[in-house]
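In what follows, chains are A, B, ... by sequence order, proteins preceding strands, each numbered from 1.
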Amino acid sequence: MKRPNILWELKEKSQAIIEDLGEKIPAKFQLRLGELGLLKSQPITCLKKTPFNGPILYQVGDGVISLAREVAENIYITRKKNG
Amino acid sequence: MDNVLLIGKPNSGKSLLFNQLTGLKQKVANFPGVTVEIKSGSFDNIGLIDFPGIYSLTPLTKDEEIALEKFREAIEKNDVSGVVCILDATRLERSLVIGLQTLNYAKENNVPVIFALNMMDEIQANKSSIDVNSLSRELEVEVVPISAKKKVGLDILKSEIKNMLKSPNDYLPGNVWKGNDVLVKSRELNQTYGPKTDVILKKQNFLDKIFLNNFWGGIMFALIMIFLFQAIFTWATPLMDLVELTLAWMGQVTSSVLPDGVFKDFINEAIFGGVGSFLVFVPQIFILTFIIGILEDSGYMARASIICHKPLSFFGLSGRSFIPYLTGHACAIPAIFAARTIESPKKRLITILTIPLMACSARLPVYALLIAVLIPNKTFFGGVFGYRGLAFFLLYFFGLAVALIVSGLLSKTIKSEADTPYIVELPPYRMPTLIPLVRKSISAAWAFFSKAGPIIFMVTLVVWVLGYFPNGSGNLENSWLSHIGQFLEPIFKPLGLDWKYGVAILASFLAREVFVGTLGTFYGIEGADENIGGLSESIQADGLLPASGFALLVFYAIALQCVSTLAVLKRESGNKMFPIWVFVGYTTLAYVLAFLTYNIVLFFS
């Protein structure tokens, strides 16, 4: 099986489509991520990575959120051509 | 009086709107036992209740849980005749999530709702627009475009609120969405009627490139922190001098009026010498709260938390621990409450247990006094930075370093289930508004004064009586207090401190700032008519060893001498034993490190 693309590996300034939120993210937390704009089949852009694998900045919907590695590693995406 | 409730997401300008609508007619109620700040005020005989900002009606963190509980209680008890939901026009999608959830909840409870669409000035400044009429038609809710900052649309909002109270049925929600539909609908509405996201986010993303830049971001963070500590010490001096001069002048006036005797001595030594020497520090608390407020309102705090996340997680903490830690430099109590925003229970507990090591404002008077005794008042870099400011910075750093080490150890020992991960929404960068900030800082300074004041007065009174009698002013050596102190001297001798410091340290276990007042009273009694401002000079003249001075600094940096903090720790950690362990642990650590410091400094000097 092909290894799925994960959000954590999305390059700076590239866009992708959110496929799914992994099971490792607790249900309560999945809901909040949705409320912050992380919805299935919607676009997400990586704005800025921080040094030493710190939290990454993403633009979703009309907001900007910052996710730590343990979250971004469990979000699956489909990359666009330039990703 | 009809009550109207304000609700909305954080950073939607809710507090400013509340201020604009109610003016001076407002009060902050800390509900007993919960300390979620709920402000109430009124305009035109309509009561307005301001709830803390929330992202959703489904809580994730402890603070949201408590705020929502209060919100539901107010609605379900029928205390509320209507709800005003504030939307941030620059974050329409995010705001509509809580907006649509509110509509659904209000419909279930038969409560009328108005949407106030705030920040319209920013939309215009970006040459963008929102189709307010279509939005209102599709939602079947009255949407009032406003700018709380520029005071635009507030009269229309007021008259809509009045109409809503007059004919509530016209304002009951029609269309409602539930569950996941809320999220989808919010996005759809924003895409159809909202502003162009890329235009709105352009400035923010540009500034983030600077403030979160791998190199410059770190430098700015360091500069902002240095600025904060310099402001507290070096730049607060003129204000502090003013308080000191005023007190000295008042002291002179009263002593010239009063006849000689016990009463005059009491006023001079206990009131102006003891209580007065602590009043001097109120300006510093004001400035600290003010600057922390600027950082919060400007949106920088969220960026700082991102910068700190990685280093803090190395010690078992979260980036969200940064805000409680920084607040802890003002006071441990609000800081322990601020820790409620930490999503992970384990990290929250570790943060709570280590907050008491932050150099809080009650340590400030002690540090300021000892630094004035030990460090010369000289500047470098052309007078911009002072050695005393630097010493302050190092002390703050010392407290933080100890806290991080303790956190690291705790995170290895405390067991927990799967952890809740780190996620932060980045608010827009905004210019803070002055009036609410000043108001907040005044209330913080007042809270410090009114909470610590009575304790300080009582302790000062007891110390003064014991030190004054039986022989009166100038005979401290033969007083009752001297006998008590000499009995206790063996405990403090290993730190090179005489009985006077021993008594001051013991008295300060109630509240650490008592230390300064107690010493002030001592030297007041001893020196009789000396000037009040010169406590540090009196201590220098008395010949405090530098080694003992540094030992005292280390002791005060670590010891948990605050009854209120212990009480709050007990409640927030949900464990009766935690405060006892923490108290015993930090006191022992403080004494041992102070002992080492004394001997090391003695060895090298």
Side-chain angles (χ1 to χ4, degrees), chain A residues 6-8 10-15 17-76 80, chain B residues 9 55-61 64 88 90-95 97-98 101 179-180 182-184 186-187 190-191 194-198 200-201 204-205 208-209 212-215 217-218 302-303 305-311 313-314 318-319 343 418-428:
Chain A
I6 56 172
L7 184 60
W8 181 254
L10 185 65
K11 288 198 186 103
E12 242 176 55
K13 294 189 186 101
S14 36
Q15 205 182 47
I17 302 292
I18 299 163
E19 283 274 295
D20 206 359
L21 304 184
E23 282 167 13
K24 279 191 187 156
I25 303 175
K28 203 170 154 188
F29 206 70
Q30 295 209 3
L31 181 69
R32 177 54 56 90
L33 286 171
E35 286 164 345
L36 288 170
L38 267 159
L39 304 174
K40 269 185 208 175
S41 67
Q42 292 291 326
I44 184 163
T45 312
C46 173
L47 290 178
K48 174 105 191 61
K49 299 207 173 191
T50 55
F52 314 113
N53 291 327
I56 297 181
L57 260 62
Y58 298 101
Q59 184 177 328
V60 277
D62 65 349
V64 177
I65 56 173
S66 168
L67 301 177
R69 184 172 187 162
E70 59 266 34
V71 190
E73 259 179 356
N74 286 297
I75 296 172
Y76 303 113
K80 288 196 167 176
Chain B
K9 79 187 248 320
Y55 285 104
S56 151
L57 293 190
T58 321
L60 187 68
T61 52
E64 292 179 338
D88 175 354
T90 69
R91 293 287 186 282
L92 192 58
E93 183 189 323
R94 296 279 73 73
S95 309
V97 170
I98 172 101
Q101 287 175 337
N180 217 42
V182 168
L183 312 180
V184 177
S186 304
R187 176 151 301 182
N190 182 43
Q191 279 167 356
K196 285 204 176 65
T197 302
D198 288 344
I200 299 292
L201 285 176
Q204 174 178 343
N205 288 344
D208 276 338
K209 270 187 200 145
L212 292 173
N213 180 285
N214 294 356
F215 178 71
R303 276 78 189 180
S305 122
I306 291 173
I307 292 176
C308 295
H309 178 71
K310 204 63 200 180
S313 54
F314 184 74
S318 154
E343 62 289 327
D419 231 352
T420 331
Y422 175 81
I423 174 170
V424 162
E425 193 208 19
L426 280 93

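- Between atom CD1 of residue A:I56 and atom CD1 of residue B:I306 there is a gap of 11.0 Å, rounded to the nearest 0.5 Å.
- For chain A, no part of B:I98 is nearby; none of its heavy atoms comes within less than 4.5 Å.
- No side-chain heavy atom of B:K310 sits under 4.5 Å from any side-chain heavy atom of A:T50.
- Ranking B:R91, B:R187, B:Q204 against chain A, the residue ahead of the rest is B:R187, based on heavy-atom pairs under 4.5 Å.
- Only the side chain of A:L47 comes within contact range of chain B, with heavy atoms under 4.5 Å apart.
- We find the CZ-OG1 distance between A:R32 and B:T61 to be 6.5 Å, quoted to the nearest 0.5 Å.
- Proximity to chain A is limited to the side chain of B:N205, based on heavy atoms less than 4.5 angstrom apart.
- You'll find the side chain of B:L201 reaches within 4.5 Å of the side chain of A:V64, heavy atoms only.
- How far CD of A:E35 is from CD of B:E425: 11.5 Å, rounded to the nearest 0.5 Å.
- Residue B:P427 does not touch chain A at all, counting heavy-atom pairs closer than 4.5 Å.
- Only the side chain of A:L57 comes within contact range of chain B, with at least one heavy atom under 4.5 Å from a heavy atom of that chain.
- Contact annotation for A:K48: only side-chain heavy atoms (C-beta onward) come within less than 4.5 Å of a heavy atom of chain B.
- Taking chain A as the reference chain and counting heavy-atom pairs below 4.5 Å, the highest number among B:V97, B:T197, B:L426 is found for B:L426.
- The structure places CG of A:D62 at 9.5 Å from OG of B:S186, a figure rounded to the nearest 0.5 Å.
- For the atom pair CG of A:L39 and CG of B:N180, the computed distance is 7.0 Å after rounding to the nearest 0.5 Å.
- Looking at B:S313, neither its backbone nor its side chain comes within 4.5 Å of chain A, counting heavy atoms on both sides.
- Taking all atoms of both residues into account, the shortest heavy-atom contact from B:L183 to A:G34 is CD1-C, 3.7 Å.
- Interface residue A:K49: only backbone heavy atoms are found under 4.5 Å from chain B.
- Looking at residues two or more places apart in sequence or on another chain, you find a ring-ring contact (aromatic ring centres under 6.0 Å, His included) between B:Y422 and B:H309.
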